[in-house]
Engineer: 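One structure, pasted below without further comment.
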Amino acid sequence: MNTGNPREKEEPKTSVSFIEQIIQEDLREGKNNGRVHTRFPPEPNGYLHIGHAKAICLDFGMAQKYGGKCNLRFDDTNPTKEDVEYVDSIKEDIHWLGFDWENREFYASDYFGKLFDFATDLIKRKLAYVDDQTAEMISRQKGNPSQPGEESPFRNRSVEENLDLFYRMNEGEFDEGSRVLRARIDMTSPNMHMRDPIIYRIIKIPHHRTGTKWNVYPMYDFAHGQCDYFEGITHSLCTLEFEVHRPLYDWFIDQLKSSDDYKPRQIEFNRLNLTYTMMSKRKLLELVQEGNVNGWDDPRMPTLCGLRRRGYTPESIRKFVDLIGYTKVEAINDVSLLEHAVREDLNLRAPRVFGVLNPLKVVITNYPEDKVENVEVVNNPEDESTGTRQVPFSREVYIEQDDFMEVAPPKFFRLAPGMEVRLKGAYIIKCESFRKNEDTGAVEEVHCTYDPATRSGGHLSEKKVKGTLHWVSVQHAVDAEVRLYDRLFSHEDPAGQKEEDYRKFLNPGSLKVLTGCKVEPSLASAKHLDKFQFQRLGYFCIDYDSAPGHLVFNRTVQLKDTWAKVSVERK
RNA sequence: UGCUCUGUGGUGUAAUUGGCAACACGUCUGACUCUGGAUCAGAAAAGUUCAGGUUCGAGCCCUGACAGAGCAACCA
């Protein structure tokens, strides 16, 4: 049973979500001629965030798993909010996540003509009418969830008049808000969405794709299901809040469909909620517009481009999504699970480097003053194929301040007077004495001796010591500026913040900058230092765009309680 | 007080469709020591919101409560 490789854990039994059960059942029953066809339908009014990743993984994932296809369809029915900037970023982010829609890039606006024809068809069948009332009036007549609505005085207009008015609405003859087209269903329905829903409204702002061709635009409810139908979508996956829309979704398609053997089906699943994370697109937009963050890709943002810049890998995000599953329960997932997913992924592939955040000089008194030798260290203990690198070693090195204590408490296996420790890849050193700053009392320098026989790989290299430290040769060290980012929010859980006061939970822009950070020169150039290294060791968010010469830290940084706990100066 | 949906360890998900409530994250121990917060070993933690019912047997089926969420945009 034991394969001898502890890494080869048994594949965890992947549970089958209720959605998959539905798909499997449909397949078994031969519905849709055995086709599975899904779609991912973002509105291009903002950047994709981690919540969208959950939907993307589902939509594309189900298609992949069941030999089907998944379309990308931009839900661009409201030109007042939408922009090509968002279209481009959405496509980039989906690709980055690892999914592809091939040549099936569609837009709800592709179907404006068909939708318009369908609307006129409904008018002719007395299933739609133009309402001249104000928004307030229509809203009042709608009643409320516990009280039935009343019918509009325009509800029984003639087909001819409705047709004429609807055409003229589209020709731009009427002002925005002056008239709408409504489906004629049931003003007394217990489902608010069935009370003669508005299906077309006048908008005179140019559309990012169709320009000024249209003056009327379909509402979501009038577009989405029909688009699904036009594209041959079999399973239309969306989030829970659309559950009450389903009867309307079905109603339109029933009016539209021409065959009985095919009909798209809407299935709802729970949206992603993360602790300490706000997922509202509108509020994220506000943060960007108000300059509280440095854009959609600010490393603190929960957007995919923010996470990417922060060093998250697509694999880790997919893993995370896989972990949390799809149900109908409104769950709040712990960010620590996301963090676990990155760690697990990065641990296997991130190259390791040495670095010191808060340097403490160590002088190896019996090491020749002018000698320099290269020691060899592995780039990644989890992956031999990444090879080794040479690191210069000399008489004076920096170690992390936290790696030294004047008085070692029990179980402190790092450096303290009289204690021995290995400098990783190099020698075992012993602490003989230390010097304090007379004014501050802070330890300024530690004096050690080394045992030349203990060099890594040598005869006595098998000698055991309890601790191993990262280090950086003083004369080869390079200063680096490191930018640490905290989470976007702190303290309370902004995921639960309904009010506008979520801003007060914002963390500062960046927990700027470590002074005196040292890095070995060979690693200080940007091409050696990619996001993985940063991510890996510190699990800090580091702005790796911000230049060459960054650094890394060793284990002594307290990661466990981290984020803000690291002693850095806030800007 | 209408309609729809949902209640399983701290958190998120399972439970072969009625058969000993399982897994992951987190937490806590211990071990290891060229360090990765990796790996290994172990522990605590729910009797499935509550009350009835059907059944040899219920997390699963039925009834009724209770709790939470969504729905009254010319947003999606």
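A, B, ... follow the sequence lines: proteins, then strands. Residue 1 opens every chain.
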Engineer: Give the dot-bracket line for RNA chain B from 5' end to 3' end: parentheses for intra-strand Watson-Crick or G-U pairs under 3.5 Å, square brackets for crossings, | for inter-strand pairing, dots for unpaired.
Structural biologist: .((((((..((((.....[..)))).(((((.......))))).....(((((..]....))))))))))).....
Engineer: Could you tell me whether G47(B) is syn or anti, where syn means a glycosidic angle within 90 degrees of zero?
Structural biologist: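 G47(B): syn glycosidic orientation.
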Engineer: Between the side chains of D131(A) and R155(A), is the shortest nitrogen-to-carboxylate-oxygen separation below 4.0 Å, so that they form an ion pair?
Structural biologist: no
Engineer: Is U16(B) in the syn or the anti form, by the rule that syn lies within 90° of 0?
Structural biologist: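 You should classify U16(B) as anti.
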Engineer: Quick one: label N191(A) by what it contacts on the DNA or RNA (base, sugar-phosphate, nothing), any heavy atom closer than 4.0 Å.
Structural biologist: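 Counting heavy atoms under 4.0 Å across all strands, no contact is made by N191(A).
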Engineer: Can you check the distance between U55(B) and U13(B), where both ends of the measurement are the P atom (answer in whole Å)?
Structural biologist: 35 Å
Engineer: Heavy atoms only, 4.0 Å cut-off, all strands: where does E82(A) land among base, sugar-phosphate and nothing?
Structural biologist: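 The answer is nothing, as E82(A) stays clear of every strand by at least 4.0 Å.
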Engineer: Just how far, in rounded Å, is P of C75(B) from CD of E43(A)?
Structural biologist: 10 Å
Engineer: Looking at RNA chain B, which of residues 236-252 of chain A put a heavy atom within less than 4.0 Å of it?
Structural biologist: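 Close to the strand are E241(A), F242(A), E243(A), V244(A), H245(A).
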Engineer: Answer yes if the ring centres of F393(A) and Y427(A) are under 6.0 angstrom apart, and no otherwise.
Structural biologist: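 When the ring centroids of F393(A) and Y427(A) are compared, they turn out to be within the sub-6.0 Å range.
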Engineer: Establish, from distance only, whether the side-chain atoms of D345(A) and Y312(A) form a donor-acceptor pair under 3.5 Å.
Structural biologist: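 No.
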Engineer: Apply salt bridge (Lys or Arg N to Asp or Glu O under 4.0 Å) to E136(A) and R140(A), showing your working.
Structural biologist: CA-CA 6 Å; E136(A) 293 86 323; R140(A) 202 176 320 145; over 6 Å; no
Engineer: If you take the centroid of each ring, where Trp contributes its six-membered ring, are Y107(A) and F74(A) closer together than 6.0 Å?
Structural biologist: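 Here the rings of Y107(A) and F74(A) have centres that are less than 6.0 Å from each other.
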Engineer: With a cut-off of less than 4.0 Å, is there a side-chain N or O of R282(A) near OP1 or OP2 of A76(B)?
Structural biologist: no
Engineer: Salt-bridged, R271(A) to E241(A), with N to O below 4.0 Å?
Structural biologist: yes
Engineer: Determine, using ring centers only, whether F222(A) and Y200(A) are less than 6.0 Å apart.
Structural biologist: yes
Engineer: Look at the side chain of M192(A) and decide which nucleotide, out of A76(B), C25(B), C71(B), has an atom nearest to it.
Structural biologist: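 In terms of side-chain proximity for M192(A), the closest of A76(B), C25(B), C71(B) is C71(B).
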Engineer: For R73(A), is there an ion pair with E231(A) - N to carboxylate O distance below 4.0 angstrom?
Structural biologist: yes
Engineer: Distance between the P atoms of G64(B) and U4(B), in whole angstroms?
Structural biologist: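 It works out to 13 Å between them.
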Engineer: So does R455(A) pair up with E373(A), basic N to acidic O under 4.0 Å?
Structural biologist: yes
Engineer: Considering only side-chain heavy atoms of M219(A), which listed nucleotide, G2(B), A15(B), C74(B), is closest?
Structural biologist: C74(B)
Engineer: Can E243(A) and K328(A) be counted as an ion pair, charged N to O under 4.0 angstrom?
Structural biologist: yes
Engineer: Does T77(A) put a side-chain nitrogen or oxygen below 4.0 Å from OP1 or OP2 of A76(B)?
Structural biologist: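 For A76(B), OP1/OP2 do have a side-chain N/O of T77(A) under 4.0 Å.
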Engineer: Which residue lies toward the 5' end of RNA chain B, I324(A) or V180(A), if each is placed at its nearest nucleotide?
Structural biologist: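 The residue closer to the strand's 5' end, by nearest nucleotide, is I324(A).
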Engineer: Does the pair E268(A)/R246(A) count as a salt bridge with the N-to-O cut at 4.0 Å?
Structural biologist: yes
Engineer: OP1 or OP2 of C3(B) versus the side-chain N and O atoms of R195(A): is any pair under 4.0 Å?
Structural biologist: no
Engineer: Would you check if the distance from the ring center of F18(A) to the ring center of F269(A) is below 6.0 Å?
Structural biologist: no
Engineer: Using a heavy-atom cut-off of 4.0 Å across all strands, would you classify S139(A) as base, sugar-phosphate, or nothing?
Structural biologist: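 Counting heavy atoms under 4.0 Å across all strands, the contact made by S139(A) is with sugar-phosphate only.
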Engineer: Kindly say if T327(A) contacts the phosphate of U13(B), meaning a side-chain N or O under 4.0 Å from OP1 or OP2.
Structural biologist: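 Checking U13(B) against T327(A), a side-chain N or O does come within under 4.0 Å of OP1 or OP2.
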Engineer: Of all the choices, U13(B), A69(B), A72(B), which nucleotide is nearest to the side chain of V329(A) once you look at every atom?
Structural biologist: U13(B)
Engineer: Under 4.0 angstrom, heavy atoms only, what part of the nucleic acid is Q133(A) near: base, sugar-phosphate, or nothing?
Structural biologist: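 Base, at least one base heavy atom under 4.0 Å.
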Engineer: For H193(A) and for Q147(A), locate the closest nucleotide of RNA chain B by heavy-atom distance; then report the residue assigned to the nucleotide nearer the 5' terminus.
Structural biologist: Q147(A)
Engineer: Work out how far the C1' atom of G52(B) is from that of C20(B), and round it to whole angstrom.
Structural biologist: 25 Å
Engineer: Mind checking A331(A) for me? I need base, sugar-phosphate or nothing, with any heavy atom below 4.0 Å counting as a touch.
Structural biologist: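 If one applies the 4.0 Å heavy-atom cut-off, A331(A) turns out to touch the sugar-phosphate alone, with no base involved.
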Engineer: Measuring centre to centre across the rings, with the benzene-like ring taken for any Trp, is H224(A) within less than 6.0 Å of Y220(A)?
Structural biologist: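 Yes.
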Engineer: Of all the choices, C34(B), C5(B), U13(B), which nucleotide is nearest to the side chain of K328(A) once you look at every atom?
Structural biologist: C5(B)
Engineer: Nearest to the side chain of I138(A), which nucleotide is it out of C74(B), A73(B), C5(B)?
Structural biologist: C74(B)
Engineer: Kindly say if N270(A) contacts the phosphate of U13(B), meaning a side-chain N or O under 4.0 Å from OP1 or OP2.
Structural biologist: yes
Engineer: Nearest whole Å is fine: how far is U8(B) C1' from F18(A) CZ?
Structural biologist: 17 Å
Engineer: Of all of residues 45-52 of chain A, which get a heavy atom below 4.0 angstrom from RNA chain B, listed by number?
Structural biologist: none
